[in-house]
Amino acid sequence: MWYLQGRSRSSQKARGHTKGRQSTPPTSIAWHSMTYDHRAIESSWQKRWEDEGLYRASIDWDRPKHYALTMLPYPSGDLHMGHWYAMTPSDARARYMRMKGYNVLFPMGFDAFGLPAENAAVTRGIHPAHWTWPNIERMRDQMRSMGTMFDWEREAISCDPTYYKWTQWLFTQMFEHDIAYRGQAMVNWSPTLQTVLANEQVIDGLDERTGQPVIQQLMEQWFFRITRYADELLDFDAIDWPDNIVAQQTNWIGRSEGAKVEFPTDAGPLTVFTTRPDTLWGATFMVLAPEHDLVRELTTEDQREAVETYVEIAGRRSELERLEGADEKTGVFTGGYATNPVNGAQVPVWVADYVLVSYGTGAIMAVPAHDERDFQFARTFGLDITPVIQPTGAEPLVADEMDEAYVGPGTMANSGPIDGVEVTDAKGRANPSLAAAIDWLVEHDAGDEHVNYRLRDWLIGRQRYWGSPTPILHRDDGTIEVVPLEDLPVVLPENVEFDGGRSPLHDHPDYSDATASDGTHARRETDTLDTFMCSSWYWFRYLSPQLDGSAFDPEEAAYWLPVDTYTGGAEHAVMHLLYARFFVKAMRDMGVFDDTIATMQEHGRDPEDLFDEPFMMLRNQGQILGEERTGDRLVIDGERDGNRIVASAVRVDPDASDDAGTYVGELMRRTENVLQVKGSDGTLTVEVPEGSPLDIATIPGVNDVNQLKHHLEIQRMSKSKGNVVNPDDLVIAHGADTVRTYLMFAFEWQKGGPWDSHNIIGSRRFIEDVWRIGTEDYRPEAADDIASKNLRRKTHQTIQRVDADLEVFKWNTAVAALMTLRNDLLEARRTRNVSEETWAEGVDTLLRLLAPIAPHITEDLWHKRGNPASIHLATFPEADEAVAREDTVTMVVQINGKVRDRIEVGIDIDAAAAEAAAMASARVQELTADKTVRKVIVRPPNLVNIVAN
RNA sequence: GCCCCGGUGGUGGAACGGCAGACACGGCGGACUCAAAAUCCGCUGCCCGCAAGGGCGUGUGGGUUCAAAUCCCACCCGGGGCACCA
């Protein structure tokens with residue numbers, strides 16, 4: 001048996017054993033003189049919760065369910081701030097839902113296949129499995145210190161054969177339902193390494209490791225027909241997702257209506273897709289992508305050399321690089337011509353890399369008069385420009401006088417049968433000129449109405465080792481068959497060597513030699529599956545990760561599905577989230593949920609619409625960035641000319657005085673050898689000529705400009721930048737409760753921001769104050785009813801605020817509200833002017849409201865205050881509207897929109913009384929004495945605005 | 001280049017189109033202390049003013065509105081994504 005499997009099984013067994021063991025609760029400490037010892041409290045409660053199985057989630061058809069999910073992490077080695085930031089608020093939300101009465105499932109697992117493990121193999125000689133599994137162990141341990149309610153019995157790990165058996169099975173289903181197919185795609189091919197490189201491994205067209213050139217090359221690969229679902233993927237009605245994610249996916253899919261038109265050439269018909277068939281009469285040339293099939297055949301002898309050179313150079317640039325440089329138009333004439341089907345004109349055919357082979361048909365008709373890119377191209381190469389839309393009520397367009405393409409509305413001109421038709425800004429048939437053009441094309445058999453999508457089919461083949469094997473056999477006769485379920489999983493062989501070149505699966509006869517179902521010899525597919533495929537169904541595996549007979553248990557699925565809330569980074573806006581949606585739709589159509597639907601119906605739950613989308617609600621968190629850093633203090637010697645210095649010498653000296661050199665200041669920015677230095681005289685540009693002396697005292701040897709540290713505003717945390725903050729150190733110093741509270745308090749969750757290690761002290765003080773409040777043996781001294789009533793009101797207002805904030809993931813304002821209640825309770829503790837019951841209600845409320853955010857200290861204090869059961873089984877407090885209600889409110893009186901007075905009024909004041917009160921104000925009388933009141937806007941009870949002049 | 005998001009005090013941030021700056025950090029002043037730390041109390045957007053009060057102020061410029069951080073238009077700057085990082 002394969003060791004990876006053994007390892008994962010044994011670790012699960014070990015975890016199972018801890019169940020049922022008796023533990024001593026952390027009590028029996030004297031009430032007074034207790035200091036807050038986060039280490040003892042947190043570790044003992046984590047252990048007790050696990051021993052008692054507090055967070056085990058099991059089916060209970062009598063209770064409403066809530067499936068909370070946070071994005072599957074990659075086991076990179078150490079848990080970092082970003083993991084805490086993603087997971088602990090999600091945990092708080094899951095805990096909140098639990099206290100609201102839901103039966104909550106909140107699982108965790110690992111997306112364990114991927115490139116970093118192979119990089120470790122190549123650069124450090126560690127087998128990907130030997131790198132990945134210990135990482136998982138370490139991260140799982142670190143995650144436990146967060147105090148989350150993950151149900152570890154549900155853990156799923158994508159590189160475990162018990163998991164990828166079902167990834168493979170899903171692939172076979174896709175194959176059998178004609179969703180998986182073989183096609184051609186461009187790849188980054190390294191001729192040196194004889195392998196395909198990931199985009200991130202290619203920098204400026206060179207392999208980042210070897211520095212050798214990388215070329216773009218077509219290769220036969222596996223795809224999923226996600227485009228078949230394009231229209232359904234554009235429908236977001238059933239799900240509650242952020243608008244920006246919906247917009248990004250919609251744009252990514254890029255549905256556009258138009259026509260396909262054929263331009264005959266000597267080498268055969270050239271098909272283009274255009275959203276503007278109405279401008280066909282203005283098409284003066286055509287452009288093919290360098291990789292287009294017809295380039296070779298259309299190229300004439302005298303242009304052949306130029307075209308081949310251009311195609312070769314273009315092949316070295318990635319798609320992204322081509323788009324980035326799209327401002328400067330490059331291209332070459334093939335020498336060939338095509339016939340414009342609407343008017344029989346002969347138009348030249350060019351090759352240019354602003355046309356992408358992957359979009360549309362890889363060829364365009366160019367209408368320079370009405371498309372900006374075509375216009376620039378035409379002007380660069382002196383090609384004809386023919387306006388066919390004349391703007392209404394403006395000077396008619398004249399080709400030679402145009403500075404830019406005209407893309408607005410108007411009237412068709414110079415366009416034969418559709419002359420005079422109106423052009424609007426509408427897209428598709430809603431635009432009269434488009435409708436007329438399409439009708440004409442269809443009638444004359446010159447083209448078809450067509451909907452094009454920017455979305456391309458999902459390329460799932462990877463020429464790598466560390467991924468799930470593709471369960472496919474290539475028979476010697478050239479046909480293909482899938483590996484049947486009883487032979488799954490196709491296990492990834494362990495005994496492989498890495499040389500940084502092509503996947504070791506290629507040269508592994510034990511793996512690649514196989515026998516087909518008819519007994520003949522076959523070659524096993526050596527491409528592995530995209531890791532996005534592993535993460536496109538993992539929430540189903542969480543339902544029953546140990547189950548061997550199917551991908552998931554229909555009983556579990558019928559109760560828990562679909563996922564109710566999904567949280568994760570917005571960087572996954574398009575790819576992961578679109579793939580996940582596609583997967584569910586495909587699984588639905590392949591009948592994967594049939595048993596689940598039947599089970600649901602048995603329990604009286606309506607399955608309608610529950611299997612169209614994976615995640616009903618989605619919320620994104622931002623990113624935690626590295627701390628701000630000051631740049632090096634530089635002493636520059638050299639010739640100053642205005643705001644520019646050519647340096648003769650540069651040295652780094654943190655203590656240099658302002659007059660230590662020609663100019664002294666902080667390095668703000670650096671581009672190559674040009675520095676921006678901010679000093680007493682503003683920011684100056686300093687050029688450091690090659691070879692001029694540069695000295696950094698802290699770095700021995702010969703220094704160069706690349707070693708200078710510039711000012712950092714914000715920057716991604718990464719090991720290479722040296723700005724990583726280790727959560728473990730913070731947990732040891734302050735405790736998980738403080739770290740959790742700080743992460744939720746310090747940032748707007750959706751936005752994230754730069755980490756600041758100093759501000760954590762505020763959250764630490766808050767937690768310690770909670771401890772002081774929770775352990776206080778309160779005795780009133782001067783209890784008075786008004787003080788008690790005020791504290792009760794604040795207590796109930798806090799419930800309202802925290803409840804509303806947690807509902808919508810607004811952690812920072814929830815914590816702020818709790819800090820305010822803390823301040824009120826400390827005030828009461830100092831003055832001892834509230835009744836014992838009021839105090840107790842305030843404290844118990846504070847603890848329960850804080851429990852989802854800081855689960856350990858609240859649990860400990862809850863028990864200390866005499867509650868036998870866990871606070872995490874308690875219900876969330878409910879506010880009493882009548883108690884929370886304010887009696888009076890400060891009404892603002894404005895004159896011409898500026899605040900001039902404030903009046904305390906009853907909360908129920910009506911408009912007439914509010915206006916009267918405002919007009920009666922001495923300030924208002926004084927300031928309006930010499931003016932005429934024109935208008936009074938009254939918004940009781942908050943505001944009166946008097947317009948006067 | 002294209003798509004999406006953001007820009008508010010010294011800092012993180014708060015604010016149904018209706019009191020800009022809640023809450024917190026930092027800073028300043030004070031108390032306690034032999035002293036320091038911790039803790040506690042007060043002040044803290046900027047400018048003018050002894051004060052009362054006034055002016056200015058949410059990246060920049062314009063617009064809508066009785067009223068704009070919030071809505072609209074243009075621009076500047078920063079971040080995320082762009083299909084083999086996950």
Side-chain angles (χ1 to χ4, degrees), chain A residues 71-74 76 111 113-116 119 185 187-188 196-202 221 226 242-252 254 319-328 354 358 373 454-464 467 530-532 534-535 569-576 578-579 620 622-623 625 628 713-716 742 745-748 750-756 758-763 765-766 810 812-813 815-820 822-823 826 830 890-899 902 934-937 939 942-948:
Chain A
M71 285 179 186
L72 189 65
Y74 180 80
S76 51
D111 186 16
F113 276 132
L115 205 54
N119 287 339
V187 295
N188 301 311
V196 177
L197 298 177
N199 288 339
E200 68 161 14
Q201 296 175 311
V202 182
Q221 308 248 43
I226 189 172
D243 290 345
N244 64 316
I245 305 286
V246 170
Q248 282 184 79
Q249 292 207 351
T250 302
N251 293 333
W252 183 265
E319 203 162 279
L320 189 58
E321 287 168 335
R322 293 190 202 177
L323 290 171
E324 277 167 351
D327 259 358
E328 278 173 49
Y354 78 98
S358 56
R373 289 164 306 178
R454 205 187 72 100
L455 179 69
R456 316 205 284 254
D457 275 341
W458 175 10
L459 179 113
I460 52 160
R462 293 292 182 274
Q463 294 71 42
R464 304 197 188 289
D530 182 4
T531 56
F532 271 124
C534 305
S535 57
E571 68 272 22
H572 294 290
V574 176
M575 303 184 66
H576 162 60
L578 198 65
Y579 294 150
N620 298 118
Q623 226 176 12
L625 301 158
E628 182 162 334
E713 297 270 317
I714 39 171
Q715 199 138 66
R716 223 185 241 256
Y742 179 54
F745 175 65
F747 306 92
E748 186 188 340
Q750 331 272 348
K751 201 172 128 196
W755 173 261
D756 181 329
H758 192 81
N759 280 351
I760 196 171
I761 193 69
S763 300
R765 285 178 194 151
F766 169 63
K810 291 186 66 178
N812 56 345
T813 47
V815 175
L818 290 167
M819 285 177 168
T820 307
R822 173 268 313 255
N823 293 342
L826 286 178
R830 196 161 52 238
T890 305
M891 184 175 79
V892 166
V893 182
Q894 298 181 331
I895 294 171
N896 295 332
K898 286 185 190 273
V899 179
R902 290 159 216 269
R934 303 287 175 191
K935 196 170 173 184
V936 181
I937 287 111
R939 293 284 178 277
N942 295 313
L943 174 135
V944 173
N945 186 13
I946 298 159
V947 184

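All values below were derived from every heavy atom in this structure, side-chain atoms included, with hydrogens, water molecules and symmetry-related copies excluded. Per chain, numbering begins at 1; letters A, B, ... match sequence-line order.
- Checked by distance alone, A/N244 brings no side-chain donor or acceptor within 3.5 Å of a matching partner on the base of B/C4.
- A donor-acceptor contact under 3.5 angstrom links the side chains of A/Q463 and A/Q221, judged on distance only.
- Residue A/H576 is classed as having no contact, given no heavy-atom separation below 4.0 Å to the nucleic acid.
- Backbone-only contact: A/R830 has heavy atoms under 4.0 Å from sugar-phosphate atoms and none from a base.
- The CD1 atom of A/I460 sits 14 Å away from the P atom of B/A86 (whole-angstrom rounding).
- Using a 4.0 Å heavy-atom criterion, one finds that A/I946 contacts no nucleic acid atom at all.
- Partners of A/R456 under the salt bridge (charged side-chain N to carboxylate O under 4.0 Å, His left out) rule, at least two apart in sequence or in another chain, are A/E319.
- At a threshold of 4.0 angstrom between heavy atoms, the contacts of A/W252 include nucleobase atoms, whether or not backbone atoms are also involved.
- For A/F747, the ring-ring contact (aromatic ring centres under 6.0 Å, His included) partners at least two apart in sequence or on another chain are A/Y85.
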Detail all sub-3.5 Å separations between protein N/O atoms and N/O atoms belonging to nucleotides 42-46 of chain B.
none

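- Put simply, CG on A/L943 and CD on A/Q894 are 4.5 Å apart, with the number rounded to the nearest 0.5 Å.
- Looking at A/R462, its side chain never comes within 3.5 Å of a backbone N or O of A/D530 through a donor-acceptor pair.
- Backbone-only contact: A/I761 has heavy atoms under 4.0 Å from sugar-phosphate atoms and none from a base.
- Of the possible donor and acceptor atoms, none in the side chain of A/N759 sits under 3.5 Å from a partner among the backbone N and O of A/A746.
- At the heavy-atom level, A/A573 lies nowhere under 4.0 Å from the strands shown.
- Residue-level contact check: A/V187 touches the bases, meaning some heavy atom is under 4.0 Å from a base atom.
- Take the nearest nucleotide of RNA chain B for A/Y579 and for A/N251: the residue whose nucleotide is more 5' is A/N251.
- To the nearest whole angstrom, the two C1' atoms, one in B/G9 and one in B/C5, are 24 Å apart.
- Across all strands, A/Q221 comes closer than 4.0 Å to base atoms (heavy-atom distances).
- Counting only heavy atoms from C-beta on, A/E571 has its side chain closest to B/G80 among B/C25, B/G80, B/G18.
- Note on A/R456: every side-chain N or O is 4.0 Å or more away from OP1 and OP2 of B/C82.
- Here B/G18 is the nucleotide among B/A20, B/A22, B/G18 with the atom lying nearest to any side-chain atom of A/N945.
- The CD-C1' distance, from A/Q623 to B/C5, rounds to 13 Å in whole Å.
- Within the model, atoms CD of A/Q249 and CE of A/M575 stand 11.5 Å from one another, a figure rounded to the nearest 0.5 Å.
- Phosphate contact (OP1/OP2 of B/C25, side-chain N/O of A/R765, threshold under 4.0 Å): present.
- What separates CZ of A/F766 from C1' of B/C23 is a distance of 11 Å, to the nearest Å.
- Note on A/L943: a base of the nucleic acid sits closer than 4.0 angstrom, heavy atoms only.
- Applying the salt bridge (charged side-chain N to carboxylate O under 4.0 Å, His left out) test to A/R464 and every residue at least two apart in sequence or in another chain returns nothing.
- Pairing partner, B/G6: B/C77, with both Watson-Crick or wobble hydrogen-bond distances short of 3.5 Å.
- Residue A/L455 is classed as a base contact, given a heavy-atom separation below 4.0 Å to a base.
- B/U39 and B/A31 make up a base pair, with Watson-Crick or G-U wobble contacts both under 3.5 Å.
- The distance from atom CG of A/L625 to atom C1' of B/G80 is 11 Å, rounded to the nearest whole Å.
- Nucleic acid contact for A/Q894: base, since at least one base atom lies under 4.0 Å from a heavy atom of the residue.
- Partners of A/D457 under the side chain to side chain contact (heavy atoms under 4.5 Å, CB included) rule, at least two apart in sequence or in another chain, are A/Y181, A/F223, A/R225, A/I226, A/T227.
- Both distances falling under 3.5 Å, in either a Watson-Crick or a G-U wobble arrangement, occur for no nucleotide opposite B/U65.
- A/N896 comes within 4.0 angstrom of no nucleic acid atom, judged by non-hydrogen atoms across all strands.
- No hydrogens or angles were tested; on distance alone, a donor-acceptor pair under 3.5 Å links the side chain of A/Q463 to the base of B/C84.
- At whole-Å resolution of the value, CG in A/N942 and P in B/C66 are 20 Å apart.
- In this structure A/F745 satisfies the ring-ring contact (aromatic ring centres under 6.0 Å, His included) test with no other residue, sequence neighbours excluded.
- Taking atom CG of A/L818 as the reference point, atom C1' of B/A24 lies 13 Å away to the nearest angstrom.
- One atom, CD1 of A/I245, and another, P of B/C4, lie 12 Å apart when rounded to the nearest Å.
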Sub-3.5 Å pairs of nitrogen or oxygen atoms, protein against nucleotides 10-14 of chain B:
unit_1, atom_1, unit_2, atom_2, d
B/G12, O2', A/A746, O, 2.1
B/G13, OP1, A/G752, O, 3.4
B/G13, O3', A/N812, ND2, 2.9
B/A14, OP1, A/N812, ND2, 2.7
B/A14, OP2, A/E748, OE1, 3.4

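- Counting heavy atoms from C-beta on, the side chains of A/L115 and A/E200 come closer than 4.5 Å.
- To the nearest angstrom, C1' of B/C82 lies 7 Å from CZ of A/R454.
- Not a single side chain to side chain contact (heavy atoms under 4.5 Å, CB included) links A/N251 to another residue, sequence neighbours left out.
- Heavy-atom nearest nucleotides on RNA chain B were determined for A/Q201 and for A/G762, and the one closer to the 5' end corresponds to A/G762.
- Among the protein residues, A/V947 comes within range of the sugar-phosphate backbone only, with heavy atoms under 4.0 Å from sugar or phosphate atoms but none that close to a base.
- Between A/R462 and the phosphate of B/C84, there is a side-chain N or O to OP1/OP2 separation shorter than 4.0 Å.
- Closest to the A/M575 side chain, of the nucleotides B/A20, B/A86, B/C3, is B/A86.
- In this structure, A/R822 reaches the sugar-phosphate backbone alone: every heavy-atom distance under 4.0 Å involves primed, P, OP1 or OP2 atoms, never a base.
- Under the ring-ring contact (aromatic ring centres under 6.0 Å, His included) criterion, A/F532 pairs with A/Y579, not counting sequence neighbours.
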